[in-house]
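Comments concern the structure below.
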Amino acid sequence: MEKQKYYITTAIAYTSRKPHIGNVYDPVLADAIARYKRMMGFDVYYLTGSDEHGQKIEELAKAEGIEPKAYVDKVAAQIKQVWDGMNISYDRFIRTTDADHEDAVEKIFQKLLEKGDIYKGEYEGKYCVPCESFFTASQLKEGGLCPDCGRPCVDAKEEAYFLRLSKYADRLVQYYEENPDFFAPLSRKAEMINNFIKPGLADLCVSRSTFSWGVKVKDDPRHVIYVWIDALSNYITALGYNPDGSGENFAKYWPADLHVIGKDIVRFHTIYWPILLMALDLPLPKRVLGHPWLLFGEDKMSKSKGNVVYSDEMAEIFGVDAVRYYLLSEMPFAQDGNITYESMIAKFNSDLANTLGNLVSRSVAMAVKYFDGKVRRPANFESEFDADLISCQKKAFDALNEGFDNLHIGDSINAVMDFAKRCNKYIDETMPWALAKDDAQKDRLEAVLYNLLEAIRRIGVMLTPFMPATAEKIAKAVCCDAPSDFETVTAPFGTPDAFAVGACEPLFARLDADALIKELTEKAKAAQKAAKAAAKEAARKAAAEEQGPKEPCTFDDFCKIELVCAEVLECENVPKSEKLLKFKLDIGTEERQVLSGVAKFHKPEELVGKKLVLVKNLLPRKMMGLESHGMLLSTEAEGKVCLIQLPADTPAGANIG
């Protein structure tokens, strides 16, 4: 009998920089679903990859002094390395620079152009470079900020090609109504209809002419095919779709059963992508899971904030499966999840070391101690504790299936861990150590240990989609074959005739929480400090580039500047400011109040009595609500700022020139 197909995809990662742990949730979540479906007997095709074109890539490559292709080759390799490190079982890792993809994208664009669903016009509006998105004024946040990333948008006007979205709006809403499972969570549907479709779908800009890094329009090479067609089409080009003739995999696996994406790109996958497919006369995907974000504490991860957590670094500390377990068990279905060092360590110690690891190690150890590791299946499962244990295992597997069916993957993995807790309770109920003291209870003791080993074996099978390496270790601990399907979990309890086990290493060693939190916190502070320094240096360079070389000034211009010696009478920090110091200065003829952003480099009390250089005739301005009348001169080198000091015997008010 031919297997039922299941095609699952992730959003392709943008090759701007190495992905952080929040970016890794996509492929880990999809991997758990793909592994589950394989174990349920489906013919699964799992696609992931990298998005490699666009203006931002061109700018990043230029900043590094290399070609865009060399830049994306480097970052795509990093992404793939991170995915492989997290044990992602994908069938293809597509790159949008792959030759077959680029060829198909060019022909997709040409087909829609010839059909009349793409036309040439002119775009004028606001553009966000990081998001590579155009927005109308009404879509922007307060202050002209991008509604997606919150960064400033710039004015843009250029000739462009457009996709006729409005032509398909009614048909799209009809598809929503006829396919109630299309959105997950369902709340995403109301967001799309109320925020984007009801106000009226404007035709979508699908080309750019202000940069060159991308797939060119065939007969108009000044235009680069935009991300909406280029990146989104990967879901079909990866299967061999091409308007000139598609491959066997496309006929076999399309339409997609599930797109796994972040909530920030739901609009692109539930409006733009379906309409693009309608225009191509292709079936639409069956379901789109727009999962929430993983926050660091309460904040979105940002390199500029220095609060980025990387999965490979966490895996070095906790292990790959522990990171997978945290991501899959802690992320809610509809609300944002969060990660902190404290919560991850606590969950590791509680669930993995104490509950699961302790269950396996002590059960195997008792089997070795009391029966040399050879434990036979009992003739019957006579105790009420036995019956409840068996019943709880069945309920755990039912809950696992229900969670996957509803895409509540956290519920699925938590059901398995709850059963592990039930097994530990079974040990407390049956007290094997007490049974071992009574020779008359030897058969009962053997039955208890068999039940534990059989329950542990089943836990290993059920954990396979989530923690595949741990599942193999559990199978090895109870001397069984690594699971490839759920058949031995659905079979009646007591499948093996006997177990023959030996000593096993602990699955998860308990962590010293205080020491590890201290270590990780210090690293995080260092990262934040480095991020701030890097941001400051980048801003300085950007400002210097924007200003360009300064024009020479005349001697007369220079003579307009009045420099005098200023003696510091008082100096103190400005409240609510990390940078500013407030000075009271004696300049000979009067006293002046001046503010200077040197608080990080000078202590106020050390400056009292010092003689400094003041630009006396600078127009006053306000900072933090305080007036600053003049400017103190300083030097800057390697990020350190030092006020210029004059000899102690220089009289206050003395002219400098």
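What's counted below: heavy atoms across the whole structure, side chains too, no hydrogens, waters or symmetry copies. Note that this is a predicted model, so its numbers are computed, not measured.
- Salt-bridge annotation for Lys111 and Asp117: absent, with no side-chain N of the basic residue lying under 4.0 Å from a carboxylate O of the acidic one.
- With respect to Arg38, the salt bridge (charged side-chain N to carboxylate O under 4.0 Å, His left out) criterion is satisfied by exactly one of Asp91, Asp31, Asp43: Asp91.
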May I have the step-by-step check of salt bridge (charged side-chain N to carboxylate O under 4.0 Å, His left out) for Asp244 and Lys107, ending in yes or no? CA-CA 8 Å; Asp244 287 351; Lys107 290 171 181 173; 2.9 Å; yes
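- The shortest distance between side-chain heavy atoms of Ile271 and Met192 falls below 4.5 Å.
- Checked against side-chain contact (heavy atoms from CB on, under 4.5 Å), Asn195 has the following partners two or more places apart in sequence or in another chain: Glu191.
- Formation of a donor-acceptor pair under 3.5 Å by the Thr237 side chain with backbone atoms of Ala104 is not found in this model.
- Scored by the ring-ring contact (aromatic ring centres under 6.0 Å, His included) test, Phe333 finds His408 as partners (sequence neighbours excluded).
- More than 12 non-hydrogen atoms from other residues, nucleotides or ligands lie less than 6.0 angstrom from CD of Glu59.
- Asn23 places a side-chain N or O within 3.5 Å of a backbone atom of His20 that can act as its donor or acceptor partner.
- Just one of Glu158, His223, His53 meets the side-chain hydrogen bond (donor to acceptor under 3.5 Å, both in side chains) condition when paired with Arg208; it is Glu158.
- The closest side-chain heavy-atom distance from Val206 to Ile225 is not below 4.5 Å.
- Under the ring-ring contact (aromatic ring centres under 6.0 Å, His included) criterion, Phe182 pairs with Tyr175, Tyr176, not counting sequence neighbours.
- When side chains are defined from C-beta on, Leu163 does not count as touching Asp203, because their heavy atoms never get closer than 4.5 Å.
- Two rings, from Tyr6 and Tyr253, have their centers 6.0 Å or more apart.
- Remark: Lys141 pairs with Leu145 by the side-chain contact (heavy atoms from CB on, under 4.5 Å) rule, at least two apart or across chains.
- Residues Leu276 and Ser233 meet the side-chain proximity criterion, which asks for heavy atoms closer than 4.5 Å.
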Please determine whether side-chain hydrogen bond (donor to acceptor under 3.5 Å, both in side chains) holds for the pair Glu106 and Gln110, giving the CA-CA distance in whole Å, both sets of side-chain angles, and the decisive distance to 0.1 Å. CA-CA 6 Å; Glu106 179 188 287; Gln110 193 65 25; over 6 Å; no
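- Minimum heavy-atom separation, Asp336 to Pro292: OD1-CB, 3.4 Å.
- A 4.5 Å side-chain heavy-atom check between His269 and Leu232 finds at least one atom pair inside the cut-off.
- With sequence neighbours left out, Tyr326 forms a ring-ring contact (aromatic ring centres under 6.0 Å, His included) with no residue at all.
- Between Cys128 and Cys153, the closest heavy-atom pair is CB-SG, 3.8 Å.
- Side chain of Arg324 to main chain of Asn87: a donor-acceptor pair is present (N/O by atom type, distance under 3.5 Å, no hydrogens or angles).
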Test side-chain hydrogen bond (donor to acceptor under 3.5 Å, both in side chains) on Arg164 and Tyr119 and set out the steps. CA-CA 8 Å; Arg164 298 184 192 277; Tyr119 63 93; 5.1 Å; no
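- Taking a 6.0 Å sphere around NZ of Lys120, one finds it holds more than 12 heavy atoms contributed by other residues, nucleotides or ligands.
- Side-chain contact check for Trp228 versus Phe268: some heavy-atom pair is nearer than 4.5 Å.
- Remark: Glu64 pairs with Ile66, Tyr71, Lys74 by the side-chain contact (heavy atoms from CB on, under 4.5 Å) rule, at least two apart or across chains.
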Intermediate values then yes/no, salt bridge (charged side-chain N to carboxylate O under 4.0 Å, His left out), Arg95 and Glu52: CA-CA 7 Å; Arg95 298 179 57 186; Glu52 304 184 10; 2.6 Å; yes
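- Under 4.0 Å is where a charged nitrogen must lie from a carboxylate oxygen, and between Asp155 and Lys126 at least one such pair does.
- Using modelled atom types, one side-chain atom of Glu58 and one backbone atom of Ser212 make a donor-acceptor pair closer than 3.5 Å.
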Donor-acceptor pairs under 3.5 Å, side chain of residues 460-473 to any protein atom, not counting sequence neighbours: which ones?
| unit_1 | atom_1 | unit_2 | atom_2 | d |
| --- | --- | --- | --- | --- |
| Thr464 | OG1 | Gly460 | O | 3.0 |
| Thr464 | OG1 | Val461 | O | 3.0 |
| Thr470 | OG1 | Asp321 | OD2 | 2.7 |

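- The number of heavy-atom neighbours closer than 6.0 Å to CG of Asp170, taken from other residues, nucleotides and ligands shown, is 12 or below.
- When atom types are taken as modelled, the side chain of Tyr46 and the backbone of Arg35 share no donor-acceptor pair closer than 3.5 angstrom.
- Side-chain contact between Asp51 and Ile57 is absent, with no heavy atoms from C-beta onward closer than 4.5 Å.
- With hydrogens and angles disregarded, a donor-acceptor distance shorter than 3.5 Å links the side chain of His291 to the backbone of Ile261.
- Every residue meeting the side-chain hydrogen bond (donor to acceptor under 3.5 Å, both in side chains) condition with Lys69, not counting sequence neighbours, appears here in chain and number order: Asp73.
- Within 6.0 Å of atom CD in Glu487, 12 or fewer heavy atoms from other residues, nucleotides or ligands are found, so the atom counts as exposed in its surroundings.
- Under a 4.0 Å N-O distance rule, the pair Arg92/Asp98 qualifies as a salt bridge.
- Counting heavy atoms from C-beta outward, Tyr36 and Phe486 have side chains that approach closer than 4.5 Å.
- At distances below 3.5 Å, not a single donor-acceptor pair connects side-chain atoms of Asp220 with backbone N or O atoms of Val217.
- Taking 4.0 Å as the cut-off between side-chain N and carboxylate O, Lys115 and Asp281 count as a salt-bridged pair.
- Partners of Glu177 by side-chain hydrogen bond (donor to acceptor under 3.5 Å, both in side chains), not counting sequence neighbours, listed by chain and number: Lys189.
- Every ring-ring contact (aromatic ring centres under 6.0 Å, His included) that Tyr241 has, sequence neighbours left out, goes to Phe250.
- Residues passing the side-chain contact (heavy atoms from CB on, under 4.5 Å) test with Val224, sequence neighbours excluded: Phe211, Lys216.
- A cation-pi arrangement is absent between Lys3 and Phe42 under the rule of less than 6.0 angstrom and at most 45 degrees off the ring axis.
- Taking the six-membered ring for Trp and the full ring otherwise, the centers of Trp254 and Tyr235 sit at least 6.0 Å from each other.
- Checked against the 6.0 Å centroid criterion, the rings of Trp83 and Tyr90 do not qualify as a close aromatic pair.
- Residue pairs satisfying the ring-ring contact (aromatic ring centres under 6.0 Å, His included) criterion with at least one member in residues 94-115, sequence neighbours excluded, are listed as follows: Phe109-Tyr161.
- Sparse packing is recorded around CG of Asp481, with 12 or fewer heavy atoms of other residues, nucleotides or ligands lying under 6.0 Å away.
- Nearest heavy-atom pair across Pro199 and Asn194 is CD-O, 3.4 Å.
- Salt-bridge annotation for Lys5 and Asp257: present, with a side-chain N of the basic residue lying under 4.0 Å from a carboxylate O of the acidic one.
- Considering all non-hydrogen atoms of both residues, Trp213 and Pro68 come closest at CD2-CB, 3.4 Å.
- Not one N or O on the side chain of Arg287 forms a donor-acceptor pair closer than 3.5 Å with the backbone of Phe183.
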